[in-house]
Number of protein chains: 2
Amino acid sequence: MAAVRVAGKAAGKASAQPEPDRPADTEQRILDAAHRVFMARGTAGARMQDIAREAGVNQALLHYYFRSKERLAEAVFRRATSDLLPPLIAILGDPRIGLRDKVTRVVHHEIDQLSRTPYLPGYLLGELSQYPQRGEQLIALLTGIRPSTVVPGVLETVERQLRAAQRKGEIRATTPQDFLITVMSMCIFPFIARPMLETLFQWNDEQWTSLLARRRRELPEIILGALRR
Amino acid sequence: MAAVRVAGKAAGKASAQPEPDRPADTEQRILDAAHRVFMARGTAGARMQDIAREAGVNQALLHYYFRSKERLAEAVFRRATSDLLPPLIAILGDPRIGLRDKVTRVVHHEIDQLSRTPYLPGYLLGELSQYPQRGEQLIALLTGIRPSTVVPGVLETVERQLRAAQRKGEIRATTPQDFLITVMSMCIFPFIARPMLETLFQWNDEQWTSLLARRRRELPEIILGALRR
DNA sequence: GTCTATAATTTGATAGAC
DNA sequence: GTCTATCAAATTATAGAC
């Protein structure tokens with residue numbers, strides 16, 4: 001069924017380890033390889049054999065370290081969300097950062113991050129819609145263990161700032177949820193839709209790069225404009 | 001690996017056919033069933049056996065009508081894009097519809113359509129990132145056969161309208177591609193991100209419905225606000 | 001820890017009766 | 001056209017040597 005190729009970086013030494021290039025931490029090598037394969041093909045489409053080849057080991061080692069494909073999938077999902085969400089929450093939840101500055105920083109952070117890991121959002125959202133257990137995993141990750149106070153905290157902070165700006169007549173009335181959805185939509189959607197956009201608009205890589213640079217620059221004003229009354 | 005359940009409507013008579021509820025056109029029943037299963041689990045995660053059960057026939061019949069899973073996947077993809085894109089193009093490409101009206105109509109159409117088929121965008125964009133051949137299928141569908149003039153036509157029309165509005169000082173300078181990406185981001189992203197939003201915000205169905213109604217009402221103004229200089 | 005070989009299961013596809 | 005039975009290949013997982 002002719003699927004996409006996995007992004008190269010065959011035996012790249014991503015992490016830090018003494019050895020010139022060989023062993024490095026095997027478990028880490030496997031996790032890195034799994035990350036790439038799961039990102040590119042999704043959990044259902046990923047093959048243990050491909051991950052083994054990508055990691056430069058045999059398939060049995062995958063089971064030695066991770067027991068089963070499901071466990072490996074969980075580990076990859078955990079790492080993916082850890083890479084993406086905490087920095088975002090740190091910015092959004094910081095009450096010392098004003099609204100305008102906050103929007104700018106989030107836009108820049110998201111576009112920079114996703115430029116490096118373009119498959120990430122499609123993978124994450126696909127996982128969340130296809131496997132209900134990932135939702136619980138997400139919650140668990142955000143909290144340590146118990147029902148989250150992290151997100152409510154962020155929402156409260158943002159709400160306070162929105163209300164203040166609204167009182168000053170700078171923006172229309174809106175909920176923090178709507179605000180966050182707007183910001184995320186504008187930042188993330190183009191990455192998920194990239195193949196469609198390239199097809200519809202007959203774009204090459206250069207035009208894509210140019211779009212990203214333009215939106216990185218203009219999105220903060222566009223989003224703030226969308227909030228004005 | 002515990003995947004999502006396929007949306008019910010077990011033997012629902014979606015199309016038009018004389019028979020009370022039984023045979024109906026078998027090929028159509030299979031395609032409907034395949035549509036539901038592919039939407040919910042993606043092509044890689046879909047199982048021919050599940051589709052057969054969903055259609056109330058045996059697995060051999062699937063091959064009798066569609067030859068292979070790949071062919072069936074193509075048929076589903078074709079139908080999905082046919083449902084989604086042409087109406088959108090009809091609105092966007094119509095030069096008689098003014099910019100403001102156009103945004104409103106697109107927002108309403110998209111949110112109404114996706115409320116009925118919430119899996120559609122996630123499925124489509126997932127397919128397009130995972131199987132390069134879908135891009136060509138998409139092009140072929142938009143044109144009949146040869147390199148498309150449909151999308152360029154839409155872009156030209158929209159660009160003319162954007163330029164006119166810009167000359168009148170109503171909006172900032174922007175490309176039709178940026179404009180369309182903004183509109184699509186705002187309409188489509190929440191549907192792809194729904195499981196994440198429900199998890200992060202601890203939402204139930206009612207709160208989701210309420211969000212959709214609110215955004216259906218407010219998005220046109222928000223988007224037009226985003227365009228203002 | 002890592003390998004080779006192989007088991008066990010799943011899954012797409014076909015043969016052939018009706 | 002539709003079914004049952006079955007095949008062949010793919011894929012996850014394990015046994016056991018080194």
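Predicted model only: the values in this text are computed from it and were never measured. Below, chains carry the letters A, B, ... as their sequence lines are ordered, and counting in each starts from 1.
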Tell me: CD of B/E27 to C1' of D/dT2, nearest whole Å? 14 Å

Under 4.0 Å between any heavy atoms, over every strand shown, what does A/A52 touch: base, sugar-phosphate, or nothing? Just pick one. nothing

Just call it for A/A44: base, sugar-phosphate, or nothing, with non-hydrogen atoms closer than 4.0 Å on any strand. nothing

Which of parallel (below 30°), tilted (30 to 60°) and perpendicular (above 60°) describes A/F191 and A/W208? perpendicular

Please check if the side chain of B/R29 supplies one atom and the backbone of B/A55 the other of a donor-acceptor pair under 3.5 Å. yes

Distance in Å, B/L211 CG paired with B/E198 CD, rounded so as to fall on 0.5 Å steps: 10.0 Å

Give the rounded distance in Å between these two atoms: CD of B/Q28 and P of D/dG1. 14 Å

Whole-Å distance separating the CZ atom of A/R53 from the C1' atom of C/dT4: 17 Å

Could you check whether any side-chain N or O of B/T182 sits under 3.5 Å from a backbone N or O of B/D178, counting only pairs where one atom can act as donor and the other as acceptor? yes

Given atom CG of A/D25 and atom P of C/dT2, what is their separation to the nearest angstrom? 9 Å

Round to a whole Å and report the spacing from CD1 of A/I51 to P of D/dA10. 18 Å

What is the distance, to the nearest angstrom, from the CG atom on A/L72 to the P atom on D/dT11? 16 Å

Would you kindly give the CD-to-P distance between A/Q49 and C/dC3, to the nearest whole Å? 12 Å

Taking the side chain from B/K69 and the backbone from B/A46, do they hold a donor-acceptor pair closer than 3.5 Å? yes

Distance check, rounded to the nearest 0.5 Å: B/I30 atom CD1 versus B/L61 atom CG? 5.0 Å

In whole Å, I'd like the distance from the CE atom of B/M1 to the C1' atom of D/dT11. 12 Å

Determine whether A/E136 and A/R78 satisfy the following criterion, salt bridge (charged side-chain N to carboxylate O under 4.0 Å, His left out), listing intermediate values before the conclusion. CA-CA 11 Å; A/E136 297 148 37; A/R78 188 174 315 117; over 6 Å; no

Side chain of A/R47 only, heavy atoms from C-beta on: which candidate in D/dC3, C/dT2, D/dT12 is closest? D/dT12

Any residue in residues 58-70 of chain A with a heavy atom nearer than 4.0 angstrom to DNA chain C? Just list them by number, or reply none. A/N58, A/A60, A/L61, A/Y64, A/Y65

